[in-house]
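Positions are given from 1, in the same order as the sequence printed here. Counting convention: from 1, in listed order, for ligands and their atoms alike.
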Amino acid sequence: MFPAVSAGSATIEVIEPATERVLEQLPELGAEDVDAAVAKAKAAFPAWRAVAPAERAALLHRLADAVAERNGELATLEARNAGKPIGNARGEIGMVAECFRYYAGGVERLTGKTIPVAGGVDMTFREPMGVIGMITPWNFPLVIAAWKLAPALAAANTVVLKPAMLTPLTAIEFEKLALEAGLPEGVLNVVPGSGSVCGQRLVEHPDVAKIAFTGSTEVGRGIAEAAAATIKRVTLELGGKSANVVFADADVEKAARAAPYAVFDNSGQDCCARSRIMVEKPAVDEFLAALRDEVEGMKVGDPLDESTVMGPLISAGHREEVASFVPDDAPVAIRGSAPEGPGFWFPPTVLSPVSNDDRAAREEIFGPVAAVIPFEGEAEAVALANDTIYGLSGSVWTRDGAKALRMARAIDTGVLSINSNSSVRVSTPFGGFKQSGIGRELGPDAMEHYTEVKNVYYATEE
Ligand code: NAD
């Protein structure tokens, strides 16, 4: 099913986080494998950009259909490899198909402009960039790849995708599915290799026009530096430490019951996690009571069990990092349950009260640990929400519409929801302010970010 491992060659073991068993063994790839994939993508580019737009759109629709047909199989693989609840995995694979349909619809709408000038006609073209390198994280493996693949392919680029080595299996399957759906050989190339060797080579490769990266702020910073050597275009979708601001005039019970899913979703391994739960002081007791009820009732366990809402963490090493945010003297107010093991389990945990200066409020934990930060009034809410190096997502809960909109304008963040936890839709832009990233994915403009603007002037005077 997966690339064969030849005798004597180095291998990488892909682990199932819920059981700690080896799911798959893959050959360890090197810089030469990246070079070969880039060469294939470069060779495939002229023919791919020449495919008629309607035909390219039809191919992407066919790929979306193939993903939808194989949803069950891909979702099971994703659930096992990433340790995520099967229902969530099905939703993510559904979004992969939706994303390809959305950008298939954009292929024939990617237009330039005509601009009034003296002495001739001026027009712009949206040209594909060539080979796009994509580097993706382990938390939402295939769906985050799709956010990049669908607009890039729709805009007539070819691609080399390097998935995270903890969760490469659905990307490997997806490459096969794309070929079966009729995508020409070389248009999409998946290189399941390490970040330090294969990722680095992709960023440095002179024939790669752009890097679309999702991952940590630390690695993103290194990618921006390395990309500077070849003036490579980059989009960076990085970390977050988002605020969930609950005013006393909100439906406090509703906000509290929604809060766990805004931070413990995907075991808290979510860049959008609203892990700073800011509650206006008069509402703290009511909020914590409803939150306790919800967190203690969360079913944590086997990702393949339909009733599970939270699975394990991705690895033993990551569990250690998460645990470091809950030392013995931490103000643990609520702790849910988790299986004993095997598996990299960690119970959903709420710390309260926390100051916005504490480590648990400043650093991205990327695990099921939330900090409740009390505040007084709108001005303090804005100051605390913005007192972070990040700016990715966030929520505001209040029944006062004008206050909600004042808050929405005042918080420095790329994505904000009012009386809701929702962050991501295929049809709306997604990305971060400040150290949460550069650029936007999804929405109507994403295809343009995989093009260069060319301006052509045609002199018409005799
Ligand atoms: P990571 O930064 O460790 O790794 C991300 C990818 O970069 C992996 O494929 C990895 O192999 C690769 N990589 C590592 N070192 C590299 C190097 N030197 N050169 C090139 N590539 C390299 O992140 P992770 O642990 O996989 O994912 C978690 C992080 O991703 C969190 O910080 C999270 O907030 C962030 N994230 C952001 C978004 C978003 O859209 N903003 C979405 C999901 C995750």
Side-chain angles (χ1 to χ4, degrees), residues 12 14 17 26 28-29 31 34 81-82 84 92 95 133-148 160-168 171 190-205 208 211-229 232 234-242 263 265-275 313-315 317-319 321-322 363-367 388-394 413-415 423-425 428-443 446:
I12 289 181
V14 180
L26 298 174
E28 189 172 340
L29 303 183
V34 174
N81 192 177
K84 60 180 70 226
E92 287 173 29
M95 193 189 198
M134 301 179 175
I135 301 176
T136 49
W138 46 259
N139 59 337
F140 296 106
L142 193 58
V143 73
I144 282 181
W147 299 357
K148 305 175 192 321
V160 176
L161 165 67
K162 193 213 82 61
M165 273 322 284
L166 290 168
T167 57
V190 175
V191 183
S194 71
S196 55
V197 175
C198 293
Q200 187 76 22
R201 177 63 186 152
L202 198 54
V203 177
E204 289 168 355
H205 202 297
V208 172
I211 291 288
F213 172 79
T214 298
S216 60
T217 295
E218 191 188 342
V219 173
R221 193 173 290 120
I223 285 179
E225 279 172 24
K232 222 171 237 92
V234 285
T235 46
L236 303 173
E237 295 286 355
L238 308 176
K241 191 72 198 175
S242 299
V263 52
D265 173 54
N266 212 40
S267 305
Q269 302 165 130
D270 184 342
C271 55
C272 288
R274 285 126 165 103
S275 52
L313 291 170
I314 193 70
S315 67
H318 186 53
R319 181 171 57 184
E321 279 169 38
V322 171
E363 295 179 24
E364 184 181 45
I365 301 174
F366 225 55
T388 169
I389 60 166
Y390 297 109
L392 188 56
S393 74
T413 190
V415 177
S423 291
V424 181
R425 283 164 299 273
T428 59
F430 177 77
F433 279 33
K434 302 195 279 187
Q435 294 188 35
S436 285
I438 297 176
R440 293 291 178 273
E441 297 195 302
L442 301 175

Taking only distance into account, with no hydrogens and no angle test, what donor-acceptor pairs under 3.5 Å do side-chain atoms of residues 133-140 form with protein atoms, sequence neighbours excluded?
residue, atom, partner, partner atom, Å
Asn139, ND2, Gln269, O, 3.1

Heavy-atom donor-acceptor pair, Ser275 side chain to Lys241 backbone, under 3.5 Å: no
Whether Arg425 side chain and Ser423 backbone form a donor-acceptor pair below 3.5 Å: no
Interatomic spacing from CD1 in Ile223 to CD in Glu204 - rounded to 0.5 Å: 10.5 Å
Please tell me if the side chains of Val208 and Lys232 come closer than 4.5 Å, counting only heavy atoms from C-beta onward. yes
Heavy-atom cut-off of under 4.0 Å around ligand 1: list whichever protein residues fall inside it, by chain and number. Ile135, Thr136, Pro137, Trp138, Asn139, Ile144, Lys162, Pro163, Ala164, Gly195, Gly199, Gln200, Phe213, Thr214, Gly215, Ser216, Val219, Ile223, Glu237, Leu238, Gly239, Cys271, Glu364, Phe366, Leu392, Phe430
Is it the case that the side chain of Thr413 and the backbone of Leu392 share a donor-acceptor pair, with hydrogens and angles ignored and the cut-off at 3.5 Å? yes
